[in-house]
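We count ligands from 1, going down the list as the structure has it; atoms in each ligand are counted the same way.
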Amino acid sequence: MVERYIRFLGLEGTINLLRANEKPLTPTIRVNTLKISIQKFLNRFNKKGFVCEPIANIPYGFKILKEPYNLGSQHEYLQGYYYIQNLASMLPAIMLNPQFKDLVIDMCAAPGSKATQLAQLMQNKGTLILIDRNKNRIPALRVNINRMGILNSMILNYDSKNLKNLKIRAQKILLDAPCTGEGLIREDSSRKKSKEISDIKKMAKIQKRLLIAGLETLEPGGELLYSTCSIAPEENELVIHSTLQNHPNFSIIKMPYVMGISGLTNFDGIALRKDLINAQRLYPHIHDTIGFFMCKIKMLY
Ligand SMILES: C[S@@+](CC[C@H](N)C(=O)[O-])C[C@H]1O[C@@H](n2cnc3c(N)ncnc32)[C@H](O)[C@@H]1O
């Protein structure tokens, strides 16, 4: 793993990454403005002794600097006033930028961090189709949808590789793809050893099939946001580069704002699509987040 990191981060970058992976993350929450105003929420939370620091560019996102009680056992949590969500995970929904009237599909939705945020951004309007293949993860998704007061969604226990068979076209699609989770080492150190290069290759095949299914379900002008909590180029830029080779009517576009550093436009001596520069990578040592990747793809015609 370290050898692979050196290939795209260099020696110094890799050392910095490994060091940053050992530092605990500051907990972050997303206030659910469908249920409570930010000011009312802060008044309640401040009274309890929590210290909340606003996150730049995310008006409803807060770092919790002082946590006198467990975040997951507060009345406000059970009432759906907030979601405990790491900062990087708040970005894909913002970057996808769904509108009230859109038909939006979340292809890999459980347990619903990003799905409930999509609904929040859509102000509970439009249509949100939430799909997950794993039956065991559907109850958690349902609980979160109910807790957060989401009214514009339907849940499907379905394999998104077969999305085309549903015969629908979406304006916006989120593909928060299953991945090796290499970027989550900071949250779970067991991930340092749990994945092999063979796992990366296996995931890349699934990611490509899901990406093709997503692209073929967009309506002209529609947009798909691809994200993973992996920093492996094989699960990110290489998946997108090889898939788009057979889909010339798509382009990688800029996201509403820049939080990470640019995607790779070459890897291991292979030149990749130039528009991958519009993708964004987040790293623990640079952005103080988990390792994360995002890329926004638009159907041109
Ligand atoms: C990274 S997690 C999604 C996390 C979720 N987006 C969130 O923000 O809470 C990936 C999800 O993809 C689901 N998945 C894997 N393969 C799938 C497929 N072929 N079709 C639909 N869902 C799939 C997994 O069950 C898992 O819940």
Ligand 1 contacted by Gly112 (non-hydrogen, < 4.0 Å):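 It does; at least one heavy atom falls under 4.0 Å.
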What protein heavy atom sits nearest [atom], and how far away is it?
{"atom": "atom 13 (C) of ligand 1", "answer": "Asp132 OD2, 3.3 Å"}
{"atom": "atom 2 (S) of ligand 1", "answer": "Arg137 NH2, 3.9 Å"}
{"atom": "atom 16 (N) of ligand 1", "answer": "Pro178 CG, 3.8 Å"}
{"atom": "atom 8 (O) of ligand 1", "answer": "Lys114 NZ, 3.0 Å"}
{"atom": "atom 12 (O) of ligand 1", "answer": "Cys108 CB, 3.2 Å"}
{"atom": "atom 19 (N) of ligand 1", "answer": "Asp159 OD1, 2.7 Å"}

For Lys114, side-chain hydrogen bond (donor to acceptor under 3.5 Å, both in side chains) partners two or more places apart: Asp176
Whether Gln117 side chain and Ala93 backbone form a donor-acceptor pair below 3.5 Å: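 Side chain of Gln117 to backbone of Ala93: no pair is present.
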Under 3.5 Å: donor-acceptor pair, side chain of Gln171, backbone of Val104: no
Geometric cation-pi criterion Arg44 and Phe50, 6.0 Å radius, 45° cone: no
Donor-acceptor side-chain pairing of Thr228 and Asn236 below 3.5 angstrom: yes
Residue from Glu235, Glu234, Lys202 passing side-chain hydrogen bond (donor to acceptor under 3.5 Å, both in side chains) with Gln207: Glu235
Side chain proximity check, Tyr60 to Tyr82, heavy atoms < 4.5 angstrom: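 Result no, sub-4.5 Å side-chain heavy-atom pair not found.
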Interfacing atoms of ligand 1 (cut-off 4.0 Å, heavy-atom, Leu210): 18 (C), 19 (N)
Ligand-residue contact atoms, ligand 1 with Met107, heavy atoms, under 4.0 Å: 21 (C), 22 (N)
Closest to atom 5 (C) of ligand 1 (judged by heavy-atom distance), picking from Ala110, Ser160, Ser113: Ala110
Side chain, backbone, both or neither: which part of [X] comes within less than 4.0 Å of ligand 1 when only heavy atoms are counted?
{"X": "Arg133", "value": "both"}
{"X": "Ile206", "value": "neither"}
{"X": "Ala109", "value": "backbone"}

Mutual orientation of the aromatic rings belonging to His287 and Tyr283 [parallel < 30°, tilted 30-60°, perpendicular > 60°]: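 The rings of His287 and Tyr283 lie parallel, inter-plane angle below 30°.
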Phe45 ring center within less than 6.0 Å of Tyr81 ring center: no
